Structures are given as C-alpha cells and as structure tokens.
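Since the structure is predicted, the reported quantities are computational estimates derived from the model, not experimental observations. Chain naming here is simple, since letters A, B, ... match the order of the sequence lines and numbering starts at 1 in each.
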Amino acid sequence: MPLALHCSKICFCPRSPVKNFVAEPLWQALQELHRQGMLPQLPAHLEFDRPKQQTFGHLASNVALLLSRSAGRRPREIAEAIASALPHSPWIEKCEIAGPGFLNFFLRPAAFQAAIATVHAEGARYGSQDMGRGERIHLEFVSANPTGPLHVGHGRGAAYGASLANILRFCGYEVFCEYYVNDAGRQMDILAASVFCRYLEAAGQALPWPFPKGAYQGEYVRGIAARFRETAGDFLLSAVEELPDIGCMEDGDLAMDVLIAHLKDRLGPEAYSRLHAAGLDEILADIRDDLAGFGVHYDNWYAERSLMQDGAVEGAIARLVAGEYTYSSEGALWFRSTAFGDDKDRVLRRENGAYTYFASDIAYHWEKFQRGFGRMVDMWGADHHGYIPRIRASLQALGQEESALEVLLVQFAILYRGEEKISMSTRAGEFVTLRQLRGEVGNDAARFFYVLRRADQHLDFDLELATRHSEENPVFYVQYAHARVHSLWRQALERGLSVPAGEDLPGLRVLEDPRELVLADLLWRFPEQVASAARDREPHQIAFYLKDLAASFHTYYNATRILVEDEDIRLARLALCRAVARTLANGLALLGVTAPEQM
RNA sequence: GCGCCUAUAGCUCAAUCGGAUAGAGCAACGGCCUUCUAAGCCGUAGGCUGGGGGUUCGAUUCCCUCUAGGCGCACCA
C-alpha cells in the first residue's frame, strides 16, 4: 500500500513517525476518493510542510491545491472531501482546512511522546538514515598547495568538508575523503628557491641581492632552511657560485624562474630534489598534523606527482588526442574546451614540454572515475569558479558522466578582530594560520563558526566574538544546553532522587505541556534536518537546528521545574531532557564539536 | 567588455528542490536570580525581501531587465 509514500520533505527519514502518523491516513483518504471518481489522478508522492505558525497545526499538506487542476475542482472543495474521508487515527487530533486549501494536521501528545521514545531507542544513531544506500561518494577538500601553513581561509574548507563528510556518512553514504597534494609545479619550485635563499642566510652567506620579492616571505621558511641545513649540511653552497643577478630584475616572477633554473642546473636532479623535498615534506607534515588536530581526517593524500610518474597524465591526454579534442599551436598542445562551452581553449602541454596543472587535474578526475567513484564532490575556493567549465569540458571529452562531479565553492573567510579587518597574503607571509586560530578560539568555536554560514557566502570571522564566553557566542549557547541536562542528572543523584534507569523508559503520558510538545516536535525534526543538510550539502542547517533546539530547551528549563517530587513527572521530564541532550550531542558530533557534560 | 556569485530588520544571517501573517542572534528599550548552572529566560520595537517587469491559485525562492558589490577571465596553481 504505501509504495508511493515517498515524501521528499518528510520521508527522507524512514523512521520519522510523521510518515506513519499522517501520510498513511491521508493516502487512504486519497485512494478512497480516487475509487469514488472524484480524483482521477493521485500524486506520485506526498509532501508535508511544517507550518511556521502554530495555528496551522504541526504538519500541512498542499495536496488539494496540487490536485485541483486534474480534478477540475476548486482546491477547498477537494480539501473538504479529503478531510471527511480521513480514517480515524490515534495520532491525529484533528485536520483543518485553511487558506486556499491547505490541510492542517494537529497531532495528539502521544505522537510527540513517541518521538522521545525513538530518540532513546536509537541513541547515538538517532538522526542517521540510509538515504545514501551505501553509494560511494568522493570528497575532495582543502587541497591547499603545500607551500606554507594552512591559514584561516583553508580552515573554512576543512570544517565544511569534514562536517559534510560526517553528515553524508550519517545518511548512509560511503564517503571517501581525499586531499590532493599539488607537489609538482612552479609553486613548489618557488618554495624550494625560497628555502635556498634562507639556507644561505642561515649559513652566514650574504645574498648578493635583497631577499626576492617573488619568494615566500613567511618566517616558517627560515625554520625549514635552518633545520635542513642541520641535517643536510653545506652541500647546497656549491650553487652559490655564479648566482645570476636577479636583484636588478623588475619582474619578480621572472627573477624566480631564473633562480630556479640556476638551482636545477647547478645542483643536479638529486640535490635539487632534496632541496625541493625539504620544504614539501615539512610543510605537508605540518598540514596533516594541523588538520588532524582540527578533527579533520582524510582517507587518502593524493600526490599530483604520482599522476606524472605512473603515466596517468599522459594516458588521459592521449585519450583527448585520440578523441581529436586537441590541437597544436605555438608549440603547445591545446585542449579544445570551447567545444564544450568553455570561454577559450586551454593549454595542456607547454611549449617547454611540461604539462600544465590543468593537465594533471584532468588526469586526477579521470582517475577518480577509474577508482569507481560514481559521484565526486570538489570543494574549491570561490576564486577558482572560472575553472569549472574547463574541468567539466574535460569530463565530457573523456566520455564521463559530467553530472557526477559537483563543485561546491567556498567563499573566503574574512578575519576581524573587533572592527579591525586582518588582511592576508600567503606569498607575503602575512596571514593568521589555522593553528593560531585554533589556539586562540579553540577547536569547538572554530568548527562551529566556520559552518554557521552557507559556504557560498562570505564569512566574517570575528576572533573577538569567537573567544567571548558569553551569550553572544552561539557555540557556548548550544553546549551549555547540553551541559545543563547533565547537570540535572548530577543534581538528582546528589539529592537521592530517582532518575530514568538504563534501558527502561518511564511513562511519558504526563508530558502534555505545550513547551514539552514543542521540544519533542523539534527532536522529531532532527532526522529531517540531517537529510536536508545532506541533500543540499549544507552543514549550516545543522548548526541552525542546534541553535533552535538549544533555545527551546533553555526556554523549557527556565519555565519548568524538572526535579519535582512527583516521580512520574520527574522521570518523564528527565527522559525528555535526556533526549534533547542526546540529539544535541549527535548534531554537534556531525559538526566536529564536543558536547561537554559540564561547563 | 564577457562570465559566475551575491543583495532580506540598524549589524550578522535564516527561511526545508514555489506555500499561508518572511524568522533568529546581536545592538536598543523594559522585566526575571533566598528554588535544578543568569554562559539562561520573558517582553517591546524594528521590513515595499536592492528597483522594475513576467510566469500562477501563491514568488525572498523561477525567468527577463536595471542598479550596486564580490570574484574570475595565464603556457600560475
């Protein structure tokens, strides 16, 4: 019977009582009217809205409005017929017709009491579901160049990606998180040259020109150079002879290229690669450690160089060539991306024979498909949005299902300290690192603040606010609600009052206060919210839900005495509070935020 | 110039693939601690959802246009 009960808004959560409580009687009524001939067509699925206004009930259906056309009758007329055809239900108090033809369902307290029982029964799994049905999904996020420590902009991508991974896993997807390491290419050479310059300084060798402005200016480069010199000795000094005079060069980028070419030539492949690795290895280790400390974990770190080494780049390009999507011009090999809607064609192999970043990225995405991922989600900085058309073009040219790639753009986080805006530039070495941020505001506040906005919105991150332990700080607001519940437990035990024991759920029929029902209604909503966040790839929905739930709890707590003498009432209220704490903890866990039992 | 994104209360942001009277927090104002944590609660005020047009039972949401911001337009990554 309920085959067609796929309700996109409610039935994402198979265990939501709503489906059984309202959808089934409604479906029966619709079928009855269908038999009677009033409704020639039935909807493919039922949807419910949660009305913003209490007078509109707990759940609303617009089915009468939708069927109006095919039935050739006015919506209200249909609504009235449906309402009178509804079978009796122990969960439904009444059904009203309102507005243009909405059916507003009012539920009995028993329905909400059942929701509380569900939370207890499912515990840490409450809110989880199988909408993903084990589908494999590849998540790539952060993937910052290993040319320096992560800064607060990367932190946003990290928090967003890790939270999204948690949410998708909770929804039954098999999630694979990967960090793409851009360890090949010019930026890494610039890092190597930067380390070289600092190395000379550490060795007491004066540079014949000022520290290049095209090099990485950050202090961390000095540290890397000093440690490299300790372990590797002075062997790099051979490259000092006949250093090119780049001091007089106007073009900083060109100057770096000249310096890099000199180093490669003078040191030879092996020594140069040691210099190259000195920066890369240390910075990558720092990034891994930083992310792990932030609660962000990857299943794999994928090296761009491995694509070069195992021929994946050549293989992918060969396919493009074979498909006649390429041409040669001005000594370079071009991909005809304009054939797939890109603004201009793109270089794959430069005049000097080196592959572009784009070429390895094509190979990388091709390789993801080879590994069997039917769906991949890339999280990129918003400044890379112009890159999307060419990647999509390459997927099409390679005959891949283009819709399998989702690109989520993460806007920059703009850092403030009160009114003061803190500007950042990696190259100039002026930035607040993620590590500094974590030290200053803590992991919990950082993780929560980062996902408090939609990813595609600019984020103003106020360090002052995040560190303030006050009512203005939403993360403490939510955590405090959780801690309060545990405080109740401690209080009860101290006073020798009985509390709900183990698996046994006390009778909940005494929970009839409107505030209690509102709370239970919110609990009920959690699985729906999780599903919605997963579908839209929007962790902020969880953060907002948690703020709502915490607010409702604080209201309830202030208005209602929990630890009363009457044991039936006390146990029932404690069970409700416990369910709130459980739900808060589950939600916070999805965001990588702790749920302290005491504050 | 072309393309993408954005525009909602004084500020920062929500609004469940189009729903009913657009919601929170902060800031402002007024209340609540001899009682379970005041890191809390209650109340008041605050809006032509940037302007205009279209689609329909119904638009903050979809389409067009204008305005104002952000970002991107490399043989960098």
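- For K264(A), the salt bridge (Lys or Arg N to Asp or Glu O under 4.0 Å) test picks out D189(A), with sequence neighbours left out.
- Annotation: the span from R346(A) atom CZ to T338(A) atom OG1 amounts to 9.5 Å, rounded to 0.5 Å.
- With sequence neighbours excluded, the residues satisfying salt bridge (Lys or Arg N to Asp or Glu O under 4.0 Å) with R573(A) are E516(A).
- Consecutive Watson-Crick or G-U pairing (both distances under 3.5 Å) extending over three or more pairs maps onto RNA chain B as B:1-7 with B:67-73, B:10-13 with B:23-26, B:28-32 with B:40-44, B:50-54 with B:62-66.
- Listed by chain and residue number, nothing satisfies the salt bridge (Lys or Arg N to Asp or Glu O under 4.0 Å) test with D345(A) (two or more places apart in sequence, or in another chain).
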Using atom names, set out every protein N or O paired with an N or O of nucleotides 30-32 of chain B below 3.5 Å, distance rounded to 0.1 Å.
none

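- Contacts between residues 326-333 of chain A and RNA chain B, defined by a heavy-atom separation under 4.0 Å, are made by E330(A), A332(A).
- For the side chain to side chain donor-acceptor pair (under 3.5 Å) test, no residue two or more places apart in sequence or in another chain qualifies with Q457(A).
- Between C29(B) and A68(B), the distance separating the two C1' atoms is 34 Å to the nearest Å.
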Please tabulate, one pair per line, each protein N/O and nucleotide N/O from nucleotides 2-6 of chain B that are separated by under 3.5 Å, including the distance.
from  : atom 1 : to      : atom 2 : distance (Å)
G3(B) : N2     : H385(A) : NE2    : 2.5

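- Contacts of D536(A) classified as side chain to side chain donor-acceptor pair (under 3.5 Å), with partners at least two apart in sequence or in another chain: Q541(A).
- Applying the ring pair (Phe, Tyr, Trp, His ring centres under 6.0 Å) rule to Y364(A) yields the partners Y180(A), Y302(A); only residues at least two apart in sequence or on another chain are considered.
- Between E406(A) and R537(A) there is a salt bridge, with a side-chain nitrogen of the basic residue lying less than 4.0 Å from a carboxylate oxygen of the acidic one.
- Comparing the C1' positions of G23(B) and A14(B) gives a spacing of 7 Å, expressed to the nearest Å.
- In this structure, H384(A) and Y387(A) have perpendicular ring planes: the angle between them is above 60°, well past the 30° mark.
- Judged as a side chain to side chain donor-acceptor pair (under 3.5 Å), and not counting sequence neighbours, the contacts of D456(A) are R454(A).
- Nucleotides C4(B) and C64(B), compared at atom P, are 10 Å apart to the nearest Å.
- E77(A) pairs by the side chain to side chain donor-acceptor pair (under 3.5 Å) definition with R73(A), not counting sequence neighbours.
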